There are 2 protein chains.
Amino acid sequence: MTTQDRLVESTQDLLWERGYTGTSPRAIQQRAGVGQGSMYHHFEGKPGLAAAALRRSAEQLRAVAEADLAAPGTAYERVAGYLLRERDVLRGCRIGRMAQDPEVVADARLRAPVEETFEWLRGRIAEVIAEGRERGELRPGADPGDLAAAVVAVVQGGYVLARAADGTEPFERAVRGALALLAAQRTD
Amino acid sequence: MTTQDRLVESTQDLLWERGYTGTSPRAIQQRAGVGQGSMYHHFEGKPGLAAAALRRSAEQLRAVAEADLAAPGTAYERVAGYLLRERDVLRGCRIGRMAQDPEVVADARLRAPVEETFEWLRGRIAEVIAEGRERGELRPGADPGDLAAAVVAVVQGGYVLARAADGTEPFERAVRGALALLAAQRTD
DNA sequence: GTCTATATTCGGATAGAC
DNA sequence: GTCTATCCGAATATAGAC
């Protein structure tokens, strides 16, 4: 693995664990086993490195989500697959976590991958729901975009509740609740 | 207002804006218009002051939520009142934000008010839903605790989506989606 | 490309005068 | 109770040798 790659991966991990404000260049260099000079040679300081790390995390998240959403099955089953995917609940979402940090939100290069990821995810889930409607699997009713936003919010909010409780139960409850409500939308 | 109160209020604001890791004693003192000595005289450093601020924010949040949930009306209307309350969406939740900070989660005195607030909120909403069931307003089905967790998660996740988008729309969508799903649980 | 020095400011806190 | 002085290490970065 190249020095750049080691720096990017270490940054991904640290941003996940400690957030942007809580992650220092020092800590990144140590985790990557790289000196200060190397980091500043390859990247434009902490923001540049973080931007690269976030772009990479965003790509990876997208690929994982697409695998669930493009799976065979009914719309309900595909959304359920997304909601029930195995997650490291107490670690939370690498991308969603960034939205809480004002330094990230204030920097266009850092916020862009976060914004794009959620925009894509909501759009993709809305598509799945709209398809389910067209196929007659789901009742017509609420805007698919609204339902998709609710689904994504349940996951992101579930992480918040789980960390607050220092346990996974609230996350699992929220997902079960959301699935029960979605299940009631299926045609008989 | 006493010096203590000014310190606590300034800390509440800064924790909301910048999070725990991003809030320095210096910044607190300046916002409160108080010297270093005063702060360390009245509180046990940053953690002690933050604990006091979080307890106060938790009380306030609880009071506001209770007002909506104890309002007259059907269970659906009361939950809708909670979901549709006016919020400063882009600022997010003072309590939920803390759950993302590893320094908060690691310190029992800081995590306690966060945990208790969400536990209370989920329980209170579950009560409202259970009452609706008993009164025949809502169909029997999913566990009220699961539905309550989903409701709270939609709000917390909605904040995440809104900040990611730098706009309130995703929050409003998520709430509309959740309300549409809940509305379908009403008896005819 | 990578390393070691060095610089500056901030974070978090203590000491002791008033 | 409040203020100023002071301390030490960390955060973030630059300079320049190798």
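Predicted model only: the values in this text are computed from it and were never measured. We name chains A, B, ... by the order of the sequence lines, and we start the count at 1 in each one.
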Identify the pairs formed between an N or O of the protein and an N or O of nucleotides 9-12 of chain D at a distance under 3.5 Å, and give each distance.
{"from": "D:dT12", "atom 1": "OP1", "to": "A:Lys46", "atom 2": "NZ", "distance (Å)": "3.1"}

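- Taking the side chain as every heavy atom from C-beta outward, B:Glu103 and A:Arg18 never approach each other to under 4.5 Å.
- Using a 4.5 Å heavy-atom cutoff, the side chains of A:Arg91 and A:Glu17 are in contact.
- On the nucleic acid side, DNA chain C has its first and last nucleotide under 4.0 Å of a heavy atom of chain A at C:dG1 to C:dA5, going 5' to 3'.
- Between B:Gln29 atom CD and D:dT4 atom C1' there is a gap of 12 Å when expressed in whole angstrom units.
- In summary, A:Glu127 and A:Arg124 engage in a salt bridge, as defined by a charged side-chain N under 4.0 Å from a carboxylate O.
- Taking CD of B:Gln12 as the start and CG of B:Leu54 as the end, the distance is 8.5 Å to the nearest 0.5 Å.
- Looking at heavy atoms from C-beta onward, A:Tyr82 lies in side-chain contact with A:Val151 at the 4.5 angstrom threshold.
- At a threshold of 4.5 Å between non-hydrogen side-chain atoms, the residues A:Ile95 and A:Pro113 do not count as touching.
- A distance-only check finds no donor-acceptor pair linking the side chain of B:Arg62 to the backbone of B:Thr117 [under 3.5 Å].
- Among the protein residues, A:Gly35 comes within range of the sugar-phosphate backbone only, with heavy atoms under 4.0 Å from sugar or phosphate atoms but none that close to a base.
- In summary, B:Glu9 and B:Arg31 do not engage in a salt bridge, as defined by a charged side-chain N under 4.0 Å from a carboxylate O.
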